[in-house]
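Just so you know, these numbers come straight off a predicted model, no measurement behind them.
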Amino acid sequence: MPLKSQNKTQTDVSVMGQERLAQIVEPLLAWYDLHARKLPWRETREPYRIWVSEIMLQQTRVETVIPYYERFKNRLPDIADLAEVPEEELLKLWQGLGYYSRARNLQKAAIEIMDRFEGCFPQDYESIHSLPGIGAYTAGAIASIAFGQPVPAVDGNVLRVVCRLTDDHQDINKSQVKKEITDALRQIYPQARCGDLTQSLMELGATICLPNTKAKCTQCPIVSICLAAQNDRVKELPVKSAKAPQVREQKTVFLLLSGKEVALCRRDKKGLLAGMWEFSNLDGYLSKKEVQQYLKEEGIDYERLEEFIRAKHVFTHRIWQLKSFLVFCRQKPPLFTWVDQKTMRERIALPTAFAKFEQALRDEQLY
């Protein structure tokens with residue numbers, strides 16, 4: 001298994017890299033015992049709670065996740081509750097975490113667990129991996145942490161740790177490289193404490209072996225074993241191929257108001273933010289004259305039109321640049337759903353891209 005280090009043959013590196021990985025187990029576990037952060041999902045080996053935490057932690061900071069996790073487990077304490085909760089309430093619980101498909105897949109998987117596994121979370125890696133929304137990393141985390149199985153959970157943090165440890169200059173965005181590193185880690189798992197080894201690798205990557213110049217090598221428990229540290233190549237690793245540039249899109253948002261209510265509509269059931277609530281909007285930056293023409297064509301009778309705030313929202317692969325208009329309606333156009341602040345607060349999961357405008361409406365006491 002080629003864990004390449006510069007100026008060595010691939011065969012030598014395979015043996016040496018594996019030996020080097022094996023050396024990290026004891027010092028890493030000893031360090032984890034002393035320095036592991038106290039996180040609510042580490043207080044349990046319940047697979048349901050570990051699963052929920054791992055899904056929430058995808059592309060979201062730990063500090064952000066903690067209150068959402070606590071609220072989620074209090075409202076939906078087990079798989080049956082998750083399977084049965086109305087989607088609107090589920091999305092409201094998730095509001096602010098973004099990537100709402102994660103919440104929908106959680107529920108799909110919960111329903112499948114109730115149907116296929118009689119409500120009991122499956123214990124083997126393959127069955128866990130087969131559930132909607134559970135990839136190799138999440139399946140590995142659940143299998144090792146909840147059930148003590150020697151299955152690694154390899155994400156960007158872990159890839160960075162291993163590449164630096166072995167001075168591996170392969171492109172970690174290639175699936176084959178990730179597979180090789182996963183296979184290499186699987187071979188060093190001890191008979192006991194599999195979950196702790198998984199979490200110690202995560203913890204090291206999240207708190208010590210940080211990207212670029214942020215790495216805290218002087219605090220690292222395995223720095224004496226790390227080839228990149230010895231060769232002064234920590235800043236160079238891991239190697240990642242360039243991502244495609246983010247697509248920039250301009251949009252004009254219409255904030256239709258009537259009394260103490262604001263108008264909402266649903267997005268399409270497929271695509272970005274599928275099925276979510278939103279404020280009416282059109283592609284492109286429209287002038288006030290163009291907005292007036294649009295409102296006339298839609299038959300929207302209004303008494304006042306004002307340009308409002310601008311905002312930007314960054315998705316993984318695109319950036320929305322948003323301008324908005326306040327539309328004070330004489331009558332409520334029936335093509336929209338009209339809600340007041342109480343309904344918005346208690347029942348509506350508004351994506352962050354649009355929540356910025358709702359917050360501005362409240363700040364200005366416009367509804």
Side-chain angles (χ1 to χ4, degrees), residues 55-72 75 85-107 246-269 271-286 291 306-329 332 336-367:
I55 298 298
M56 286 186 170
L57 286 164
Q58 292 171 5
Q59 298 177 299
T60 310
R61 295 174 62 85
V62 167
E63 297 80 7
T64 301
V65 165
I66 290 173
Y68 284 94
Y69 171 82
E70 296 286 5
R71 184 175 66 176
F72 196 97
R75 170 60 187 89
V85 67
E87 184 180 272
E88 286 288 351
E89 186 176 352
L90 173 64
L91 297 178
K92 188 63 180 176
L93 283 170
W94 201 266
Q95 184 178 8
L97 284 173
Y99 303 97
Y100 287 87
S101 60
R102 294 182 296 171
R104 289 192 173 103
N105 281 330
L106 269 172
Q107 186 166 54
Q246 290 173 306
V247 176
R248 291 182 177 269
E249 299 176 351
Q250 294 182 330
K251 292 183 178 292
T252 300
V253 178
F254 308 105
L255 304 167
L256 283 77
L257 298 161
S258 179
K260 293 296 183 180
E261 294 183 323
V262 65
L264 295 175
C265 51
R266 288 271 199 184
R267 290 181 65 80
D268 291 340
K269 292 184 179 180
L272 186 65
L273 301 177
M276 301 295 294
W277 289 104
E278 67 175 356
F279 295 118
S280 178
N281 62 89
L282 291 176
D283 291 337
Y285 273 179
L286 274 61
V291 172
E306 298 176 9
E307 190 162 348
F308 197 43
I309 66 167
R310 297 194 178 204
K312 181 174 79 170
H313 187 75
V314 180
F315 297 95
T316 303
H317 300 297
R318 69 184 68 194
I319 298 173
W320 278 2
Q321 295 172 309
L322 306 152
K323 67 182 293 188
S324 65
F325 284 87
L326 297 172
V327 184
F328 296 90
C329 300
K332 296 177 186 176
F336 299 106
T337 297
W338 293 82
V339 299
D340 57 18
Q341 274 198 42
K342 184 174 185 293
T343 303
M344 183 78 79
R345 183 175 61 251
E346 295 178 356
R347 295 176 52 194
I348 303 297
L350 201 61
T352 304
F354 297 103
K356 299 171 184 178
F357 296 100
E358 194 272 336
Q359 179 65 54
L361 291 176
R362 283 190 280 126
D363 291 343
E364 297 292 330
Q365 299 183 344
L366 290 169
Y367 92 114

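Using a 4.5 Å cut-off on side-chain heavy atoms (C-beta onward), L326 and L361 make contact. No side-chain heavy atom of Y69 sits less than 4.5 Å from a side-chain heavy atom of L57. Side-chain contact between Q58 and Y99 is absent, with no heavy-atom pair separated by less than 4.5 Å. Put simply, the side chain of C329 reaches to within 4.5 Å of the side chain of W338, judged on heavy atoms. Looking only at side-chain heavy atoms (C-beta outward), Q341 and K260 stay at 4.5 Å or farther from each other. In this structure, the side chains of V262 and E358 stay at 4.5 Å or more apart for every pair of heavy atoms.
Of all heavy-atom pairs spanning A263 and F279, the tightest one is O-CD2, 3.4 Å. Heavy-atom minimum distance, K251 versus D283: NZ-OD1, 2.5 Å. A pairwise comparison of heavy atoms in L273 and P351 identifies CD1-CB, 3.9 Å as the closest pair. When all heavy atoms of R267 and L272 are compared, the closest pair comes out as NE-O, 3.1 Å. Between A311 and K356 the shortest heavy-atom distance is CB-CD, 4.1 Å. For the pair T252 and L286, the tightest heavy-atom approach, listed with the atom from each and the gap, is OG1-N, 2.8 Å.
Both tests pass for R266 against the ring of W277: distance under 6.0 Å to the centre and angle within 45° of the axis.
In the displayed structure, D363 atom CG is contacted under 6.0 Å by more than 12 heavy atoms of other residues, nucleotides or ligands. Within 6.0 Å of atom CD in Q365, 12 or fewer heavy atoms from other residues, nucleotides or ligands are found, so the atom counts as exposed in its surroundings.
Of the N and O atoms on the side chains of Q359 and R362, at least one donor lies less than 3.5 Å from an acceptor on the other residue.
The residues E88 and R347 are annotated as not salt-bridged, no charged nitrogen and carboxylate oxygen being separated by less than 4.0 angstrom.
In this structure, F315 has its ring center no closer than 6.0 Å to that of H317.
Looking at E249, its side chain never comes within 3.5 Å of a backbone N or O of R318 through a donor-acceptor pair. In this structure, R102 contributes its side chain and L97 its backbone to a donor-acceptor pair below 3.5 Å.
Taken to the nearest 0.5 Å, the CD atom of E278 stands 4.5 Å off from the CZ atom of F354. To the nearest 0.5 angstrom, T64 atom OG1 is 9.0 Å from I66 atom CD1. Atom CD1 of residue I348 and atom CG of residue D340 lie 10.0 Å apart, to the nearest 0.5 angstrom. Going from atom CD of Q95 over to atom OH of Y68 covers 7.0 Å, rounded to the nearest 0.5 Å. The CG atom of L350 sits 11.5 Å away from the CG atom of L91 when rounded to the nearest 0.5 Å. To the nearest 0.5 angstrom, R310 atom CZ is 4.5 Å from K323 atom NZ.
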For this session: Just do the side chain to side chain contact (heavy atoms under 4.5 Å, CB included) check on F72 and L106 with the steps written out, would you?
Result: CA-CA 12 Å; F72 196 97; L106 269 172; 4.3 Å; yes
For this session: Could you please spell out the steps behind the side chain to side chain contact (heavy atoms under 4.5 Å, CB included) verdict for V253 and F308?
Result: CA-CA 9 Å; V253 178; F308 197 43; over 6 Å; no
Problem set entry | I55 vs W94, side chain to side chain contact (heavy atoms under 4.5 Å, CB included): CA-CA, chis, key distance, verdict | CA-CA 11 Å; I55 298 298; W94 201 266; 3.9 Å; yes
Problem set entry | Intermediate values then yes/no, side chain to side chain contact (heavy atoms under 4.5 Å, CB included), M344 and L264 | CA-CA 10 Å; M344 183 78 79; L264 295 175; 4.1 Å; yes
